[in-house]
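Numbered from 1 within each chain, the chains take letters A, B, ... in sequence-line order.
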Amino acid sequence: MSPLLGLSIDDTLGKLLMATIDKLKIKKSERSNASSCVNNITAKVVTHLKQNVNWCKDIERLRTGSYYENVKICEPDEFDVMRSIPVDVALKRHPNKHALHRFLNEDKTIQASEMLSEFRDAVKEAVQKLPCRSKQTCIKKKPRCPAVTLEVKMEENGKTISIDFVLGLKVHRASWPDFTKDGFKIETWLGKKEKANMKHRPFYLVSKYEGKGHTDAWRISFSHVEKEILKRHGHSKTCCEDVGYKCCQYLFSQRGRLQIQEDVQILLLSCKDHPSPCVCYKGNRQQVAYSQLAICFQQLLEDFVQHLRKCHLPNFFIPSHNLLRQASPSSCDFLANEIEFQLNNNFLIFS
DNA sequence: AATCGCTAAAGGGG
DNA sequence: CCCCTTTAGCGATT
């Protein structure tokens, strides 16, 4: 596009969005500090678990969450680390020989609560064994949250970061459970081949508290697949995910009144329904990219507003599961109004 | 099970 | 726009 044509309103908006992204970037030094601290602690915790808990011998570290998806903004202060135990057919065939056999209920399901409390105790022990830093480290118990959360004050800059250890079971089977069959529609923008590839990945079961603590329950997790989609998305040069996601995240942190855990899903749903207008801003900062960036971002937010008005946002992998089921209509409307206000006022929030 | 080496991706400086 | 540094992630090796 020729510069003689001048700036349209979309170009201006695109530039504003780019500037906002730059502001939200994590500083390299902060990232370095935080990751060395987190990696140090997680490595020690995982060796302790391997050596001291018999059913944790094969435990694996799985980095999940926004930081490891490269969509964390502002500060590198939250890290999610899943500790996963591979579960294989051996458990079904020879339940008595498997290390997990004592957690089995009579109906062959696995007791979450018992495992979770052993897990929590073991992490506690590991943290107590940590050297000098231990004074700066404490375990937080958040109500109704199955993760073991560490809060660590860093020596370098005095900032506090939190590390969530989540207990998960890694299940490798021929296919994913039936209730996922209408979800995960990535064909429209990533293709069938990619979809088939990803369907071969295992899935994870993450412990959760149900009711007053003692009902055993597992929630299915596809965070590793989400991560892969976001990564591929960038490769395919059709992405708008960084700007869309970050800006949504930004709106949440500034104005959000909802507790939505899987906010990446908003992005995934929008990609599914509107794959075409997405244009990668990376490596192409020409004017044409700015206007398309703005269009793409507006589309994403309009999609989100529609979902909020209906109080209905299906889980990307499990369409029958509504992520907004616990949000009140008034809070959904509140957020929808806020977003519409920003849409109609050239994103005052970013200026 | 731990270590090494390689590559990709991102931040940042020039 | 290119080049350098750092981290993450994977696989091979021991």
Side-chain angles (χ1 to χ4, degrees), chain A residues 3 15 17-86 88 99 122 126 152 154 156-157 159 161 163-166 168 170 172 190 194 197-198 200-202 204 221-247 249-250 264 267 280-290 293:
Chain A
K15 283 188 175 164
L17 294 178
M18 284 301 300
T20 308
I21 291 171
D22 285 340
K23 268 190 257 169
L24 297 176
K25 264 183 196 154
I26 291 176
K27 298 275 170 295
K28 203 173 173 179
S29 56
E30 308 260 309
R31 177 179 149 97
S32 187
N33 268 338
S35 66
S36 76
C37 175
V38 169
N39 290 339
N40 220 322
I41 292 177
T42 54
K44 279 173 183 149
V45 170
V46 82
T47 27
H48 181 270
L49 291 177
K50 274 176 188 286
Q51 286 166 358
N52 295 281
V53 186
N54 75 322
W55 51 270
C56 286
K57 276 203 286 283
D58 299 321
I59 206 161
E60 294 167 3
R61 176 175 61 175
L62 184 77
R63 295 151 155 139
T64 61
S66 55
Y67 173 80
Y68 293 106
E69 285 166 6
N70 281 316
V71 288
K72 183 79 185 74
I73 57 166
C74 301
E75 300 257 354
D77 54 357
E78 289 170 3
F79 297 81
D80 301 308
V81 181
M82 198 196 287
R83 305 314 204 173
S84 71
I85 317 280
D88 49 25
V152 189
M154 288 187 295
E156 291 84 354
N157 54 19
K159 286 184 180 165
I161 54 179
I163 312 171
D164 274 2
F165 292 112
V166 177
K170 178 180 181 178
H172 218 132
L190 291 180
E194 206 54 63
N197 269 341
M198 292 191 192
H200 288 132
R201 304 273 179 274
Y204 291 85
S221 162
F222 292 101
S223 59
H224 57 307
V225 182
E226 285 174 12
K227 185 170 166 179
E228 202 167 345
I229 294 174
L230 293 186
K231 226 167 121 189
R232 293 294 158 83
H233 201 87
H235 276 305
S236 67
K237 304 284 183 207
T238 57
C239 65
C240 62
E241 83 275 18
D242 283 16
V243 65
Y245 181 74
K246 283 174 180 171
C247 293
Q249 180 88 317
Y250 192 66
V264 169
L267 168 68
C280 184
Y281 67 87
K282 276 171 258 172
N284 183 4
R285 297 197 177 210
Q286 294 157 4
Q287 287 183 4
V288 62
Y290 283 121
L293 179 71

S.K.: Rounded to the nearest 0.5 Å, what separates atom CD in Glu228(A) from atom CD in Glu226(A)?
M.R.: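 Interatomic distance, Glu228(A) CD to Glu226(A) CD, rounded to 0.5 Å: 11.5 Å.
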
S.K.: Would you say the side chain of Arg31(A) lies within less than 4.5 Å of the side chain of Tyr67(A), judging by non-hydrogen atoms?
M.R.: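 Tyr67(A) vs Arg31(A): side chains touch.
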
S.K.: Rounded to whole angstroms, how far apart are NZ on Lys44(A) and C1' on dA1(B)?
M.R.: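 That distance rounds to 18 Å.
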
S.K.: Once you round it to whole Å, what is the distance between C1' of dG12(B) and CD1 of Ile26(A)?
M.R.: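 Interatomic distance, CD1 of Ile26(A) to C1' of dG12(B): 15 Å.
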
S.K.: Could you note down all residue pairs passing ring-ring contact (aromatic ring centres under 6.0 Å, His included) where residues 21-66 of chain A supplies at least one of them, sequence neighbours left out?
M.R.: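 For residues 21-66 of chain A, and leaving out neighbouring residues, the ring-ring contact (aromatic ring centres under 6.0 Å, His included) pairs sorted by first residue read Trp55(A)-Phe103(A).
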
S.K.: Tell me the interatomic distance from Asp22(A), atom CG, to dG11(B), atom P, rounded to whole angstroms.
M.R.: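 Interatomic distance, CG of Asp22(A) to P of dG11(B): 9 Å.
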
S.K.: Rounded to the Å, how far apart are Leu49(A) CG and dA2(B) P?
M.R.: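 The answer, rounded to whole Å, is 12 Å.
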
S.K.: What are the atom names and distances for every N/O pair under 3.5 Å that joins the protein to nucleotides 3-6 of chain C?
M.R.:
unit_1 : atom_1 : unit_2   : atom_2 : d
dT5(C) : O2     : Lys28(A) : NZ     : 2.8

S.K.: Side-chain contact, heavy-atom cut-off 4.5 Å: Leu62(A) with Tyr204(A)?
M.R.: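 Sidechains of Tyr204(A) and Leu62(A): in contact.
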
S.K.: Lys27(A) NZ to dG13(B) P: how many Å, rounded?
M.R.: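 Taking NZ of Lys27(A) and P of dG13(B), I get 10 Å after rounding.
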
S.K.: Which whole-number value in Å describes the distance from Asn39(A) CG to dA8(C) C1'?
M.R.: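 Interatomic distance, CG of Asn39(A) to C1' of dA8(C): 9 Å.
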
S.K.: Would you mind telling me which of dA8(C), dG11(B), dA2(B) lies closest to the side-chain atoms of Tyr67(A)?
M.R.: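 The answer is dA8(C), which lies nearest to the side chain.
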
S.K.: Just how far, in rounded Å, is P of dA10(B) from NZ of Lys227(A)?
M.R.: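 The distance from NZ of Lys227(A) to P of dA10(B) comes to 13 Å, rounded to the nearest Å.
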
S.K.: Using atom NZ of Lys25(A) as one end and atom C1' of dT7(C) as the other, report the distance to the nearest whole Å.
M.R.: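 Atom NZ in Lys25(A) sits about 16 Å away from atom C1' in dT7(C).
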
S.K.: Measure the shortest side-chain to side-chain distance between Lys57(A) and Lys50(A) over non-hydrogen atoms and say whether it is less than 4.5 angstrom.
M.R.: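 No, too far: nothing below the 4.5 Å cut-off.
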
S.K.: Is there a donor-acceptor contact under 3.5 Å from the side chain of Thr42(A) to the main chain of Val38(A)?
M.R.: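 Yes.
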
